[in-house]
Amino acid sequence: MKSRYVLSLALASSAFPTIAAARPAAPQWTAPEREAIAAWPARKAARMDPAIERRIAAIVRGMTLEQKVGQITQAEIRSITPDQVRQYHIGTILNGGGAWPAMNKHAPLADWTALADAYAKAALKSDAKQPIPLIWGIDAVHGNNNVVGATLYPHNIGLGAAHDPQLVYRIGRATAKAVRATGIGWAFAPTVAVVQNQRWGRTYESYSSDPAQVAANGRALIEGLQGTLKGDGDVLASVKHFAGDGGTFRGIDQGETRASAGDFARVHGAGYYTALDAGVQTVMISYNSWTMAGTHPFGKMHGNRALVTGVLKDRLKFDGLVVSDWNAIEQVDGCTTDHCPAAINAGIDVFMVPEKWQTFITNTLADVRAGRVSEARIDDAVKRILRVKFRQGLFDRPIAAGRYTGDAAALVDRPLAQEAVRKSAVLLKNDGLLPLAPGKRILVVGDAADSFPAQSGGWSITWQGTETDNADFPIGETLLGGIRRAFGAGAVTYSPDGSAFAPGKFDVVIAVLAELPHAEMKGDVRWPEPLAQSRRYPEQLALLGRVSGKGVPVVSVLYSGRTTYATDLINRSDAFVAAFLPGTEAGALADLLAGTGKRDFSAKLSFAWPSTACPSGGEPAGESLFARGFGLTYAHAVHTGTLTETPIPATCP
Ligand code: BGC
Ligand code: BGC
């Protein structure tokens with residue numbers, strides 16, 4: 001009632017056109033736009049705090065256009081100084097994957113908090129009537145993963161296999177604390193992509209190919225990250241990437257998602273309903289485009305007003321802020337990295353223009369002055385940004401301060417990560433070998449066995465998870481370390497290339513195989529390349545060839561960011577574990593292999609496991625070696641025997 005009163009007052013007053021414009025007249029949608037919008041079940045609006053809304057309106061009234069445009073601009077720490085944040089009235093900043101204070105990979109925690117503090121203070125020194133606190137966003141997608149010394153949890157594909165949203169919630173709590181330890185208040189997570197084709201290089205960022213699983217886990221992570229929004233251990237979450245990121249044709253990163261309006265909403269929209277119900281404050285838009293039913297091309301999501309405004313803001317009643325992805329506006333028709341009125345008009349509120357933020361500001365000012373973008377649209381964006389900042393309590397206390405700020409212990413939760421590792425490894429085969437009794441002479445082969453980069457994958461210290469070595473992971477345990485701990489160092493021989501193998505010398509071989517670390521863009525396995533581990537990494541098949549079939553049983557552990565054709569590797573192993581990307585505590589897998597304290601496997605695949613090197617996408621039953629939901633346990637022994645290998649063609653048809 002009260003808010004309706006405020007609204008009608010504003011509408012009645014022509015002296016304050018910016019307020020009146022916050023409720024634009026119902027837009028005219030085209031027929032395909034209407035179809036696209038109608039496919040999304042409507043949500044009820046959450047209650048807004050009328051007192052806060054009044055303060056927001058008052059602040060916006062007092063802002064110059066320059067201040068407003070600064071507020072919607074997001075620059076990257078490598079390209080902006082604290083003083084520029086002050087001078088240009090910048091609203092938010094970020095550090096990209098692999099960006100650290102002063103580009104020092106080993107920047108101590110004190111450097112992170114000092115930098116956060118410098119930016120936060122600079123924002124408040126602005127000469128605006130009401131200086132506005134700054135928010136800093138970071139890709140904390142499996143722990144606070146850019147920071148040396150932080151615990152890295154399993155990537156989402158493994159957490160999806162755990163089928164334990166309560167675990168994901170606790171990881172969210174721990175990650176929020178770890179982000180606050182660096183003086184940062186916004187995590188660009190969770191990814192709620194519902195991946196339909198494992199060729200995509202970001203498959204591991206997805207909890208599952210099942211929309212319901214994605215929705216449940218995404219919600220849990222948001223509740224964990226955000227807490228009450230105002231606590232010392234709370235950060236803003238960003239549900240991403242809206243929408244259709246997991247549905248691109250042939251799994252091409254930033255590609256084209258082809259789906260009917262109904263499927264688009266039902267499959268790729270699933271994670272957004274639970275995210276909004278959980279009170280998520282920010283939504284990141286996706287790089288992909290959407291073609292409806294193969295007929296109507298909507299183009300890039302960053303220019304899709306029907307989806308960003310028509311669906312997300314109007315129909316789903318999202319009242320927080322919408323952020324663009326890294327330089328993504330340049331992909332919208334007619335746009336460049338620093339100029340995109342179409343994206344502003346589509347309804348995006350915060351523009352991640354990492355490097356060219358200064359010209360973005362100039363160009364946007366010109367757009368508003370020329371009427372290409374209305375000041376009302378800018379006001380809507382600024383109000384949403386301010387609303388989020390009020391809800392986070394930033395006007396009372398800038399985020400860089402708090403109980404966990406600078407606290408190295410808050411970066412770490414080893415028992416939680418170990419639990420997550422044990423719960424996310426799927427036992428695909430166990431022909432009477434596991435658990436391994438103590439007292440066995442063990443040969444460990446495969447250089448991934450002692451590699452933090454291999455077990456952590458992309459988004460680990462660096463963007464792609466490459467250009468790192470074990471020295472960059474001071475806290476944690478490799479699988480080799482865990483095997484030595486669980487079975488006794490004296491019982492374990494490590495021979496990365498398997499050359500130490502001799503039949504009589506060992507009772508069991510543990511082979512650790514891996515897909516190399518990768519992230520967006522670079523991680524795609526592009527059609528027509530076969531999606532087969534042994535084709536991509538022939539040395540791993542050769543390694544198994546050296547040790548298997550020689551009378552000594554072999555257990556293989558595979559680190560991978562996706563399910564992939566591996567029947568040839570599975571057939572050369574007596575037991576096979578899909579460990580996905582466990583993070584810094586992969587050593588906990590050794591406790592599963594040993595069955596210590598009656599430990600057993602519990603994880604079930606959250607993606608189907610392909611029986612062919614040329615999966616067609618969408619996981620048709622005829623192409624699955626192991627269906628989604630499959631996973632063995634010690635409690636119920638199953639004999640697998642030899643599986644049918646399908647030929648791996650030179651190129652997929
Ligand atoms: C990714 C996002 C990420 C952003 C900031 C983009 O390239 O798609 O997931 O949050 O970069 O690093
Ligand atoms: C950044 C990433 C970003 C990527 C996008 C990298 O340089 O560090 O965070 O997602 O560029 O292209």
Side-chain angles (χ1 to χ4, degrees), residues 70-80 82 85 90-101 112-113 115-120 122-123 132-147 150 172 175-192 205 221-222 224-227 229 233-242 275 280-287 302 320-329 348-355 357 360 381-382 384-389 391-394 398-400 402 405 459 463 519-520:
Q71 196 56 216
I72 69 170
T73 302
Q74 180 170 83
E76 213 261 2
I77 62 165
R78 286 169 284 193
S79 307
I80 193 163
V85 163
I90 299 297
T92 61
I93 56 168
L94 89 151
N95 66 308
W100 320 281
W112 287 90
T113 57
L115 188 60
D117 202 50
Y119 281 122
I132 296 168
L134 179 84
I135 316 181
W136 175 343
I138 187 168
D139 289 294
V141 301
H142 64 141
N144 197 357
N145 47 256
N146 284 290
V147 184
T175 301
K177 266 185 5 188
V179 170
R180 291 296 300 271
T182 46
I184 296 173
W186 183 7
F188 296 137
T191 293
V192 294
E205 295 187 60
L221 193 82
I222 291 163
L225 287 172
Q226 292 198 157
L229 284 174
D234 300 344
V235 297
L236 301 170
S238 199
V239 64
K240 66 189 188 182
H241 309 80
F242 185 81
V280 75
Q281 291 298 302
T282 86
V283 176
M284 190 184 291
I285 300 301
S286 187
Y287 281 115
H302 279 76
L321 69 84
V322 175
V323 60
S324 64
D325 203 345
W326 181 283
N327 277 335
I329 57 171
I348 294 172
D349 305 307
V350 169
F351 293 84
M352 192 188 289
V353 279
E355 294 114 358
W357 56 270
F360 171 80
V382 174
R384 287 166 175 272
I385 297 164
L386 294 184
R387 186 175 298 135
V388 170
K389 290 179 175 182
R391 285 177 175 164
Q392 206 180 11
L394 286 191
I399 209 74
T405 315
W459 299 105
W463 176 40
E520 45 174 343

**Q** Can you measure from NE2 (His241) to NE2 (His302) and round to the nearest 0.5 angstrom?
**A**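 That separation rounds to 9.0 Å.
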**Q** Can you sort out the partners of Trp112 under ring-ring contact (aromatic ring centres under 6.0 Å, His included), two or more places apart, ordered by chain and number?
**A**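 With sequence neighbours excluded, Trp112 shows a ring-ring contact (aromatic ring centres under 6.0 Å, His included) to no residue whatsoever.
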**Q** Would you check if the side chain of Lys240 reaches a backbone N or O of Val323 as a donor-acceptor pair within less than 3.5 Å?
**A**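 Not at all, since once roles are kept as given, no pair shorter than 3.5 Å links the two residues.
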**Q** Under the side-chain hydrogen bond (donor to acceptor under 3.5 Å, both in side chains) rule, collect the residues that match up with Gln392, sequence neighbours excluded.
**A**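 Applying side-chain hydrogen bond (donor to acceptor under 3.5 Å, both in side chains) to Gln392 gives none.
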**Q** Taking all atoms of both residues into account, what is the closest heavy-atom pair of Gly96 and Trp326, and its distance?
**A**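 Closest pair (atom of Gly96, atom of Trp326, distance): CA-CZ3, 3.7 Å.
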**Q** Quick one: side-chain hydrogen bond (donor to acceptor under 3.5 Å, both in side chains) partners of Lys177, sequence neighbours excluded?
**A**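 So Lys177 forms no side-chain hydrogen bond (donor to acceptor under 3.5 Å, both in side chains) with any residue.
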**Q** Looking at residues at least two apart in the chain, or sitting in another chain, which of them share a side chain to side chain contact (heavy atoms under 4.5 Å, CB included) with Asn327?
**A**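 So Asn327 forms a side chain to side chain contact (heavy atoms under 4.5 Å, CB included) with Glu330, Thr337, Pro354, Glu355.
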**Q** To the nearest 0.5 Å, tell me how far Ile184 CD1 sits from Thr405 OG1.
**A**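 Atom-to-atom, Ile184:CD1 and Thr405:OG1 are 10.5 Å apart.
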**Q** Which atom names give the shortest non-hydrogen contact between Leu221 and Pro190, and what distance separates them?
**A**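 Closest pair (atom of Leu221, atom of Pro190, distance): CD2-CB, 3.6 Å.
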**Q** Quick check: does any side chain N or O of Asp325 sit under 3.5 Å from a backbone N or O of Met284, one acting as donor and the other as acceptor?
**A**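 Side chain of Asp325 to backbone of Met284: no pair is present.
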**Q** Determine, step by step, whether Val179 and Thr175 satisfy the side chain to side chain contact (heavy atoms under 4.5 Å, CB included) criterion, reporting the C-alpha distance in whole Å, the side-chain angles of both residues, the deciding distance to 0.1 Å, and the verdict.
**A** CA-CA 6 Å; Val179 170; Thr175 301; 4.3 Å; yes
**Q** Taking all heavy atoms of Leu225 and all of Ala189, pick out the closest pair and write down the distance.
**A**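 Nearest pair, atom of Leu225 first, then Ala189: CD1-O, 3.7 Å.
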**Q** Using the test side chain to side chain contact (heavy atoms under 4.5 Å, CB included), find all partners of Ala123 that sit at least two apart in sequence or belong to another chain.
**A**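 So Ala123 forms a side chain to side chain contact (heavy atoms under 4.5 Å, CB included) with Val85, Leu134.
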**Q** Quick check for you: to the nearest 0.5 Å, what is the distance between Trp357 atom CH2 and Ile72 atom CD1?
**A**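 CD1 of Ile72 is found 14.0 Å from CH2 of Trp357.
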**Q** Roughly how far, to the nearest 0.5 Å, is the CG atom of Leu236 from the OG1 atom of Thr92?
**A**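 With rounding to 0.5 Å, OG1 (Thr92) is 10.5 Å from CG (Leu236).
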**Q** Any idea how Tyr119 and Trp136 line up, ring-wise: parallel (<30°), tilted (30 to 60°), or perpendicular (>60°)?
**A**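 The arrangement is perpendicular - the two ring planes meet at more than 60°.
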**Q** Determine whether the side chains of Glu520 and Trp463 contain a donor N or O and an acceptor N or O closer than 3.5 Å.
**A**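 Per modelled atom types, Glu520 and Trp463 side chains form a pair under 3.5 Å.
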**Q** Find the distance between CG (Leu386) and CG (Leu394) and round it off to the nearest 0.5 Å.
**A**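 The CG atom of Leu386 sits 10.5 Å away from the CG atom of Leu394.
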**Q** Which heavy atom in Ala150 sits nearest to a heavy atom in Asn144, and how many Å separate them?
**A**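 Heavy-atom minimum between the residues: CB-O, 3.4 Å.
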**Q** Which residues satisfy the ring-ring contact (aromatic ring centres under 6.0 Å, His included) test with Phe188, sequence neighbours excluded?
**A**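 For Phe188 the ring-ring contact (aromatic ring centres under 6.0 Å, His included) partners, ignoring immediate neighbours, are Trp186.
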**Q** Can you see which heavy atom on Gly183 is nearest to which on Ala116, and at what distance?
**A**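 For Gly183 versus Ala116, the nearest heavy atoms are O-CB, 3.4 Å.
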**Q** Listed by chain and number, what are the side chain to side chain contact (heavy atoms under 4.5 Å, CB included) partners of Ala122, not counting sequence neighbours?
**A**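 Listed in chain order: Pro82, Arg86.
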**Q** side-chain hydrogen bond (donor to acceptor under 3.5 Å, both in side chains) with Gln226: which residues, sequence neighbours excluded?
**A**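 Listed in chain order: nothing, the list is empty.
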**Q** Going from CD1 on Ile93 to CD on Gln74, what distance comes out if it is rounded to the nearest 0.5 angstrom?
**A**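 Atom-to-atom, Ile93:CD1 and Gln74:CD are 8.5 Å apart.
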**Q** Is a side-chain N or O of Thr282 found less than 3.5 angstrom from the main chain of Leu321, in a donor-acceptor match?
**A**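 Such a contact is absent between Thr282 side chain and Leu321 backbone.
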**Q** Tell me if a side-chain donor or acceptor on Asn145 pairs with a main-chain N or O of Trp459 at a distance below 3.5 Å.
**A**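 Pair found, side chain donor or acceptor close to backbone of Trp459.
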**Q** Under the side-chain hydrogen bond (donor to acceptor under 3.5 Å, both in side chains) test, which residues partner Asp234, sequence neighbours left out?
**A**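 In terms of side-chain hydrogen bond (donor to acceptor under 3.5 Å, both in side chains), with neighbours along the sequence ignored, Asp234 is linked to Arg173, Thr228.
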**Q** Mind listing the closest non-hydrogen atom pair of Ile348 and Ser324 along with its distance?
**A**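 Nearest pair, atom of Ile348 first, then Ser324: CG2-N, 3.8 Å.
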